Amino acid sequence: FEFLDDASFQQISDQFDDTEADILAISTMDDTPFKDRFRSFRGSIGSYVGAPLLIDGKVAGSLGFAATSNRVPPFDRSDQLLVRTAALWIGAQLSMRRLRDHQKRKEQEVSQQFRHVPAMMLILNRQGILTGVTDAWLNAMDYRHDEVIGRSLAPFIASPDAQYVIDSILSFAEPNTNVCQTTCQYRTRSGVAIDCENASIAFQSLSGDLDLRLVVVTDVSERNCAKAELAAKNRELEQVNDQLRNYACIASHDLQEPLRKIRMFGDQLIEDLGDSVNGDTKYALNSMIAAAAKLSKLVSDVLSLSQVAYSEISLQPVDLGQTIEQVLKDLEPLIEETSARIRVGWLPVAQGDPAQIHRMFQNLMSNAIKYHEKGDIPNITVSCKYLPGGEEAIVSIRDSGIGFDAVHAEKIFHAFHRLNKQSEYSGSGIGLAIVHTIIERHGWRINAHAEIQKGSTFRICIPKTMLVEQELG
């Protein structure tokens with residue numbers, strides 16, 4: 001085209017604005033409107049053959065071959081095919097170049113947007129080379145963008161297993177699927193190690209590169225420090241609990257011995273004095289012995305509460321029906337004394353500590369028998385039902401006793417909380433506290449419902465995960 005002026009070239013290119021014209025072959029210019037316009041310092045154009053350059057489906061120019069002489073013979077189909085093929089190839093190359101330029105601009109835009117994401121994130125290629133980082137990561141590491149791009153991630157990892165971490169990040173293949181979770185320490189410019197968790201996933205870039213990995217980095221230094229502090233506090237607490245357990249055992253032993261002697265010497269004194277002791281003195285001695293016995297029982301119960309709260313639980317299948325049967329055998333003297341009528345239905349098998357479950361039922365059943373009006377015969381029913389859906393089994397112990405005001409439904413499980421005078425009903429006020437502690441340590445629940453003079457119902461809620469047998473008997 002060097003012998004064409006701009007106007008002449010534009011006039012030829014304009015012929016291809018009509019997309020149906022895919023070739024322009026002129027063997028002689030003598031009979032065309034271009035004859036007088038195609039002039040240059042090298043002379044006139046005698047013949048011309050050209051085809052449109054299509055970029056992205058639109059005419060963007062033309063590819064042509066021109067000569068100063070007329071074409072003899074005229075341009076044939078092979079000449080036209082050659083020009084058309086060359087124009088298509090050049091147009092395709094220009095389209096691809098434009099597409100690459102567009103993708104490059106987009107990737108630069110995305111890269112800039114990625115840098116400003118308010119989170120620590122990295123982009124690695126298959127070789128573990130950093131191709132993108134966010135400013136948040138750079139700020140945490142105290143590096144500049146140009147100091148890390150194009151470098152391997154390995155020098156920035158302080159953990160001794162740095163290569164294993166990188167291999168784990170790069171090991172998976174499919175984009176947007178498996179997330180790889182790793183932990184490591186990153187080393188800042190000043191040498192400070194930062195505890196971090198990495199969540200990595202393969203992804204495809206705009207250019208179609210499948211060998212990229214996006215890594216989301218989370219600084220867990222503060223969390224790890226908090227966990228370490230919590231673990232240390234827990235160890236200290238365990239030590240304190242051990243000391244308290246030892247103290248409770250020692251205190252119980254040291255207190256029981258003088259109380260035993262008070263009762264023993266009191267009984268011996270009454271026996272030795274015989275009829276010579278007057279009524280007031282005898283009453284005082286009996287009150288002293290009763291108080292010592294009461295205090296001894298209280299010390300024993302406090303020790304039991306401590307043991308229940310801190311002793312190790314050994315979970316195994318426990319047949320609650322058989323446990324109730326054994327409890328009733330243990331309570332036979334009390335049952336015979338009160339003529340209590342007890343009905344026990346089907347009960348499930350649950351995971352629990354046999355000794356503690358036995359203690360729980362013994363406390364509940366003895367209370368159900370004990371708390372009734374004088375002259376009344378206790379009627380007690382033990383049953384079980386499942387909630388809809390079978391998520392929980394509810395074991396109920398219902399009695400016909402004196403009941404209590406509903407406002408005390410939660411307080412009755414507190415240690416030393418008594419609703420009745422001790423002169424009317426014996427006890428230390430710790431039995432239900434022991435029951436509540438056992439229930440909580442097993443992951444069960446207990447609640448109480450009652451009305452004054454209309455009896456009480458204690459419901460034990462056992463979750464499905466703790467049940468061994470699900471079928472009703």
Side-chain angles (χ1 to χ4, degrees), residues 55-56 93-230:
I55 300 178
D56 297 334
Q93 294 300 314
L94 292 174
S95 295
M96 291 177 62
R97 179 176 179 179
R98 176 177 291 183
L99 178 60
R100 287 194 296 269
D101 291 343
H102 176 73
Q103 290 177 339
K104 187 175 181 179
R105 288 194 301 272
K106 285 295 184 183
E107 288 181 350
Q108 290 174 345
E109 293 175 4
V110 172
S111 178
Q112 284 298 113
Q113 295 173 356
F114 176 75
R115 285 192 59 179
H116 292 92
V117 173
M120 294 194 294
M121 302 174 71
L122 311 172
I123 296 178
L124 302 176
N125 63 15
R126 173 60 79 173
Q127 289 72 40
I129 303 300
L130 289 162
T131 62
V133 294
T134 60
D135 290 341
W137 188 83
L138 292 172
N139 293 336
M141 299 289 290
D142 193 25
Y143 282 101
R144 298 193 311 272
H145 190 265
D146 60 315
E147 292 179 315
V148 299
I149 295 299
R151 294 183 60 185
S152 170
L153 179 62
F156 302 101
I157 298 179
S159 305
D161 57 347
Q163 192 56 50
Y164 172 79
V165 174
I166 296 176
D167 291 343
S168 298
I169 293 174
L170 302 177
S171 62
F172 49 94
E174 294 298 325
N176 305 321
T177 54
N178 301 323
V179 176
C180 175
Q181 301 283 351
T182 57
T183 59
C184 70
Q185 287 185 326
Y186 287 96
R187 182 186 294 108
T188 67
R189 182 192 296 274
S190 60
V192 176
I194 304 175
D195 295 335
C196 292
E197 290 181 350
N198 304 311
S200 315
I201 190 169
F203 75 101
Q204 182 175 353
S205 68
L206 293 174
S207 61
D209 187 358
L210 296 176
D211 287 337
L212 297 179
R213 300 295 183 271
L214 176 65
V215 185
V216 180
V217 183
T218 304
D219 185 348
V220 295
S221 299
E222 292 185 3
R223 187 182 71 187
N224 287 350
C225 288
K227 288 172 63 177
E229 291 178 2
L230 181 61

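Bear in mind that the values here come from a model prediction, so they are computed numbers and not experimental data.
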Within this structure, what is the [atom1]-[atom2] distance for the pair [X] and [Y], rounded to the nearest 0.5 Å?
X    : Y    : atom1 : atom2 : result
L138 : I149 : CG    : CD1   : 7.5 Å
L124 : I129 : CG    : CD1   : 8.5 Å
L170 : L212 : CG    : CG    : 10.5 Å
L230 : C225 : CG    : SG    : 12.5 Å
Q181 : I169 : CD    : CD1   : 10.5 Å
I157 : I166 : CD1   : CD1   : 4.5 Å

For [X] and [Y], which heavy atoms make the closest approach, and how far apart are they?
X    : Y    : result
A154 : A162 : O-CB, 4.4 Å
C180 : S168 : SG-O, 3.3 Å
C184 : V165 : CB-CG2, 3.9 Å
A158 : A193 : CB-CB, 4.4 Å
R213 : A202 : NH1-CB, 3.6 Å
M120 : T134 : CA-OG1, 3.6 Å

Is the shortest heavy-atom distance from the side chain of [X] to the side chain of [Y] under 4.5 Å?
X    : Y    : value
R223 : E197 : yes
D101 : R97  : yes
V133 : F156 : no
H116 : D135 : yes

Item to check | Positive for side-chain contact (heavy atoms from CB on, under 4.5 Å) with Y186, one of D219, N198, D195 | outcome: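 Considering D219, N198, D195, a side-chain contact (heavy atoms from CB on, under 4.5 Å) with Y186 is found only for N198.
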
